[in-house]
Amino acid sequence: MTSDRGRVNVPLFGGVDGADCRGMSDPIATLSALLAPVFTGLADDGAEADPTVRPSDRADAQVNGALPLAKRIGSNPRELAQAVVDSGALADIASDVEVAGPGFINVTFSPAFLEAQLAEIAADARLGVPPASEELTVVIDYSAPNVAKEMHVGHLRSTVIGDALVRMMSFLGHHVIRENHIGDWGRPFGMLIEHLLDLGEDIAAEGLSQGDLDGFYKAANAKFTDREEFQERARERVVLLQNGDEETLVLWRRLVELSNAYFDRVYRKLGVLLTDDDLAGESRYQPLMEGAYERLEGTGLLVEDDGAMVVFPPGFTNREGDPLPLIFRSRTGAFMYATSDLACVIDRAERLDADLMLYVVGSPQAQHLQMVYDVCKMAGWLVEPRQAIHVGFGNVLGDDRKIMRSRAGKSVKLIELLDEAIERAGDAIAEKNPEMSPGDRAVVAEMVGIGAVKYADLSTDRIKDYVFDWDRMLAFEGNTGPYLQYAHARICSIFRRAGIDRPSVRDSPIALAEPQERALAMRLLALPTALDTTLDSYSPHKLCTYVYELAVDFSAFYENCPVLKADEPTRSSRLALADLTARVLAQALDLLGIEAPEQM
RNA sequence: GCCUCCGUAGCUCAGUGGAUGAGAGCAGCGGGUUUCUACCCCGUCGGUCGCAGGUUCGAGUCCUGCCGGGGGCGCCA
């Protein structure tokens, strides 16, 4: 599958239901693995039977598999459920097991079992998350700003979602190749280079290095529309560029370098992993297009249509209901962006040997990418298990529910948005924690402001549009970045106040007595499952929901279970639980690309 | 016209085919606590899960058809 919601067939993680016992720190997964052979044994038809274990509100977990199995083999679901219970498979891990309703099995885990699982993840630097069973090569294509054009909110989502996916995939041990497919080639460069010459290189460089990319582009564009003489020069310049004229290439490189320096400033401020080493712009694929086109010719898929060379992948039609072509060479003989995308896929498949290619690109590109992938499959360059997936996303909307614009109706500069976030976060901290020094505040404001913007972007289903709202994203209540960061800071505060070094409590046994401790423990153990379900659909908001629920569970614990005032050994146990919580919080936030300050 | 995505509480959003309790936050109302950081907790108010069929032991979730909204649909990328 290659749709937006597509699921991957390759073993990204191993899966909680997998027979190789991955993600086993999660009691739900352990239970599932334990019951799978029991269910299969009870199925006298020889086929496998899924126990279908789910988290439950009525107990710690509910086993639903007896109902479908009873249907399948024609027996009584309650009796089947009872047989599962009688098998004794749960004796070691459950303190309470009951058959309920039409054949559900409610399972309550024994404290000893949960405590043992906690000890295991506390001793594990990976917090219970197993490395992937197979290391895949994953190419992630994201961010992709245009040279000599401003980065605006439209680039925020691709950059932030892509960065989170890079971090998660890397954490699982995959070989991740970041590709920033910048727009550094094409027709506009004639006018941009001519404008650069008109201004004088040094003056242009000064403006661009200050980040005035918009002004530069617009001035060039204005001249292009107004002045025929300029148009002519621009056209000639494009030809020179495409023919590899050395003087022109020098100017082009200058333009690209100035833009990249600016992009880098934005990336540093945003706190994403992209560097100059990840640049893989359109210009890089330019020399590969001829070869890609020739190979496509060799497949016999290409047909001439109205002077252009195209492929008709099945299933796509135009307004008139006729087959819709993907154009690889225009009537005038020029290669198209489909050709470039084709060269990209071939390069990633053959040179990089990518098992998986992720395209973090806006939803409007869905049909185009689907057509490209289909043609690559038809031509034999995208053969299972190798696959390409479009990780699409919706728009950032303003409070008028239209694509976010500045008051003047222009697109919002990303850098200005980030600066405003930091400023607003600084104001909030100054108000709520006046004792913090201005120096500390500046550092924390950056973490909180950027974290708030990123979290707001990541925490809703990527496929939908979302409404950008300063007040909501910076609130300390609700499903926000600051709320999660604050939970982390609170834990650090406990240790600071007590003068205890956090690693020193990591060997302390954790005893689960209060219900809030139990709930927190269950959540801590579910990190591998949360990560697994997140990557199953490349939906970072699922990991966000997990971290939020973890923070809520911690808050209930914090409220009901005094740590420092408790007597030993409860005090040590709670310190260990708090430390583990902070570690999981920080780890999960890191996977989202968000920092976890020690104080706020 | 065709394709595609979305539609869940006043608002912003979650929701793996599982239980005559569909959740969270915010907003509203009432109460409690004010302790390791600004918090948190309890109660309450709120829903024909866009509509109608279908599949299923079981549907917000899967299928079909409508309604409403966004996006895409030939030589830009």
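Since the structure is predicted, the reported quantities are computational estimates derived from the model, not experimental observations. Letters A, B, ... mirror the listed sequences (proteins, then strands); counts begin at 1. Values below: every heavy atom of this structure, side chains too, minus hydrogens, waters and symmetry copies.
- Between the C1' atoms of B:C41 and B:G25, the separation comes to 15 Å (whole Å).
- Separating the CD1 atom of A:I491 from the P atom of B:C40 is a distance of 14 Å, rounded to the nearest angstrom.
- The separation of B:U55 from B:G60, taken at their P atoms, amounts to 16 Å, rounded to a whole angstrom.
- With RNA chain B read from its 5' end, the first of the two nearest nucleotides for A:E598 and A:A100 is the one closest to A:A100.
- Atom CZ of A:R58 is separated from atom C1' of B:A22 by 13 Å (rounded to the nearest Å).
- Heavy-atom distances to RNA chain B give each of A:G478 and A:M600 a nearest nucleotide, and the one nearer the 5′ end belongs to A:G478.
- Between A:K464 and B:G70 there is no side-chain polar atom (N or O) within less than 4.0 angstrom of OP1 or OP2.
- With A:T581 contributing its side chain and A:L577 its backbone, the two residues share a donor-acceptor pair below 3.5 Å.
- Looking at heavy-atom distances under 4.0 Å, A:P68 makes contact with a base.
- A:Y558 comes within contact range of at least one nucleobase, with a heavy-atom separation under 4.0 Å.
- Comparing B:G18 with B:U61, their P atoms sit 11 Å apart, to the nearest whole Å.
- For A:R571, the CZ atom is densely surrounded, since the number of other residues' heavy atoms within 6.0 Å is greater than 12.
- A:Y455 places its OH atom 14 Å from the P atom of B:C13, with the value rounded to the nearest Å.
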side-chain hydrogen bond (donor to acceptor under 3.5 Å, both in side chains) between A:D184 and A:S283, intermediate numbers included:
CA-CA 6 Å; A:D184 63 355; A:S283 64; 2.7 Å; yes
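- A:R401 comes within contact range of the sugar-phosphate backbone alone, with a heavy-atom separation under 4.0 Å but no base atom that close.
- Remark: the A:N479 side chain and the B:A24 base include no donor-acceptor N/O pair separated by less than 3.5 Å.
- Nearest nucleotide to the A:Y548 side chain, out of B:A14, B:A19, B:G25: B:G25.
- A:A489 comes within contact range of at least one nucleobase, with a heavy-atom separation under 4.0 Å.
- For A:I463, taking side-chain heavy atoms from C-beta onward, the closest of the listed nucleotides B:C5, B:U16, B:C36 is B:C5.
- Using a 4.0 Å heavy-atom cutoff across all strands shown, A:Y466 reaches sugar-phosphate atoms only and no base atom.
- Rounded to whole Å, the distance from CG on A:D469 to P on B:G25 is 18 Å.
- Remark: side-chain polar atoms of A:S158 are paired, donor with acceptor, to backbone N or O of A:S143 under 3.5 angstrom.
- Taking atom P in both B:C3 and B:G23, one finds a spacing of 37 Å when rounded to whole Å.
- Residue A:G101 is classed as a base contact, given a heavy-atom separation below 4.0 Å to a base.
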Output field dot_bracket for RNA chain B (Watson-Crick or G-U, both distances under 3.5 Å, | for other-strand pairs) contains (((((((..((((....[....)))).(((((.......))))).....(((((..]....))))))))))))....
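- Judged by distance alone, the side chain of A:S508 and the main-chain N or O of A:V505 form a donor-acceptor pair under 3.5 Å.
- Contacts of A:N106 with the nucleic acid, taken as non-hydrogen atoms under 4.0 Å apart, include base atoms.
- Contacts of A:E549 with the nucleic acid, taken as non-hydrogen atoms under 4.0 Å apart, are absent.
- To the nearest whole angstrom, the two C1' atoms, one in B:G72 and one in B:C51, are 26 Å apart.
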Check against side-chain hydrogen bond (donor to acceptor under 3.5 Å, both in side chains), A:T339 and A:Y285:
CA-CA 9 Å; A:T339 326; A:Y285 293 96; over 6 Å; no
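- Among the protein residues, A:V467 comes within range of the sugar-phosphate backbone only, with heavy atoms under 4.0 Å from sugar or phosphate atoms but none that close to a base.
- Going from the C1' atom of B:G69 to that of B:U33 covers 46 Å, rounded to whole Å.
- A ring-ring contact (aromatic ring centres under 6.0 Å, His included) with A:Y359 holds for exactly one of A:F393, A:Y142, A:Y373; it is A:Y373.
- Geometric assessment of A:R462 against the ring of A:Y538 yields a negative cation-pi assignment under the 6.0 Å and 45° thresholds.
- Nucleic acid contact for A:T545: sugar-phosphate only, since backbone atoms but no base atoms lie under 4.0 Å from a heavy atom of the residue.
- Nucleic acid contact class of A:A475 (heavy atoms, under 4.0 Å, all strands): none.
- Among the protein residues, A:C561 comes within range of the nucleic acid bases, having at least one heavy atom under 4.0 Å from a base atom.
- The distance between atom NE2 of A:H541 and atom C1' of B:A14, rounded to the nearest whole Å, is 7 Å.
- Looking only at distances, a side-chain donor or acceptor of A:R78 sits under 3.5 Å from a matching main-chain atom of A:G101.
- Taking atom CZ of A:R54 as the reference point, atom C1' of B:A22 lies 17 Å away to the nearest angstrom.
- In this structure, A:Y483 atom OH and B:C26 atom C1' are separated by 14 Å, rounded to whole Å.
- Of the candidates B:U16, B:C26, B:A14, the closest approach to any side-chain atom of A:E477 belongs to B:C26.
- Atom CD in A:Q516 sits roughly 20 Å away from atom P in B:C39 (whole-Å rounding).
- A donor-acceptor pair is defined here as one N or O able to donate and one able to accept, closer than 3.5 Å; no such pair exists between the side chain of A:D461 and the backbone of A:K464.
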For nucleotides 71-77 of chain B, 5' to 3', base contacts (B), sugar-phosphate-only contacts (S) and non-contacts (-) with protein non-hydrogen atoms under 4.0 Å give SSBBB-B
Determine, stepwise, if the pair A:L35 / A:V63 fulfils side-chain contact (heavy atoms from CB on, under 4.5 Å).
CA-CA 9 Å; A:L35 289 182; A:V63 182; 3.7 Å; yes
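- Between B:A52 and B:A14, the distance separating the two C1' atoms is 27 Å to the nearest Å.
- The distance between the ring centers of A:H368 and A:Y337 falls below 6.0 angstrom.
- Distances from the side chain of A:T460 to the nucleotides B:C6, B:C13, B:U35 place B:C13 closest.
- Taking atom P in both B:G74 and B:C63, one finds a spacing of 28 Å when rounded to whole Å.
- A donor-acceptor distance shorter than 3.5 angstrom exists from the side chain of A:R496 to the backbone of A:E598, with no hydrogens or angles considered.
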